[in-house]
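Here's the structure, in structure tokens; my notes come after.
Atoms within each ligand, like the ligands themselves, are counted from 1 in listed order. We're numbering straight along the sequence, starting at 1.
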Amino acid sequence: MSNVAVTVDFRGKKVALDKVTDPRIKSALAQMAMDVGAKLATAKCPEHDQAPSEIRLHLTASGDADLQYHSCCEKLRDVVAKAL
Ligand SMILES: [Zn+2]
């Protein structure tokens, strides 16, 4: 699976998922991160055979997700957009 660095809005601060102390919130957000990671695990650029790298996922308390990653080109971005 792709390695996804997850940060979350927790009480108004941007923190790493590991720092979230509420186990219910933590497990829900970890599940969301795993879902994204699983979807991205098979995403590959048809031209360069590259996977997205340096994937960062920021989640807000209301469940909005902001995904950032490094891609070799626009084609990979298309693949990722379709995978999600
Ligand atoms: Zn590419």
Side-chain angles (χ1 to χ4, degrees):
M1 191 207 284
S2 307
N3 205 9
V4 182
V6 184
T7 54
V8 298
D9 263 340
F10 189 64
R11 292 173 187 157
K13 279 198 289 192
K14 183 175 180 176
V15 298
L17 184 58
D18 284 347
K19 299 275 192 272
V20 176
T21 49
D22 185 319
R24 277 191 322 160
I25 294 175
K26 188 173 181 175
S27 66
L29 294 175
Q31 186 61 51
M32 285 176 66
M34 275 176 58
D35 287 347
V36 171
K39 285 174 184 163
L40 292 182
T42 55
K44 260 195 179 171
C45 176
E47 196 166 312
H48 304 109
D49 201 33
Q50 296 287 312
S53 59
E54 297 174 44
I55 302 165
R56 294 179 302 277
L57 182 66
H58 182 68
L59 301 166
T60 66
S62 54
D64 291 327
D66 179 30
L67 180 70
Q68 296 190 327
Y69 57 91
H70 199 80
S71 64
C72 54
C73 68
E74 282 299 315
K75 283 185 180 171
L76 178 56
R77 292 200 166 265
D78 286 347
V79 170
V80 169
K82 281 182 192 141
L84 294 176

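- Residue Cys72 holds its SG atom at 10.0 Å from CZ of Arg77, rounded to the nearest 0.5 Å.
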Side-chain donor-acceptor contacts of residues 12-22 below 3.5 Å, not counting sequence neighbours, with atom names and distances?
unit_1 : atom_1 : unit_2 : atom_2 : d
Asp22  : OD1    : Arg24  : N      : 2.9
Asp22  : OD1    : Ile25  : N      : 3.3

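- For the Zn ion (ligand 1), protein N/O/S neighbours under 2.8 Å (waters excluded) are Cys45 SG, His48 ND1, Cys72 SG, Cys73 SG.
- Residue pairs meeting the salt bridge (charged side-chain N to carboxylate O under 4.0 Å, His left out) criterion with at least one member in residues 33-51, sequence neighbours excluded: Lys44-Asp49, Glu47-Lys75.
- For residues 55-68, the set of pairs meeting the salt bridge (charged side-chain N to carboxylate O under 4.0 Å, His left out) definition, not counting sequence neighbours, is empty.
- Ser71 is not listed as a side-chain neighbour of Cys45, based on a closest heavy-atom distance of 4.5 Å or more.
- When side chains are defined from C-beta on, Val6 does not count as touching Leu29, because their heavy atoms never get closer than 4.5 Å.
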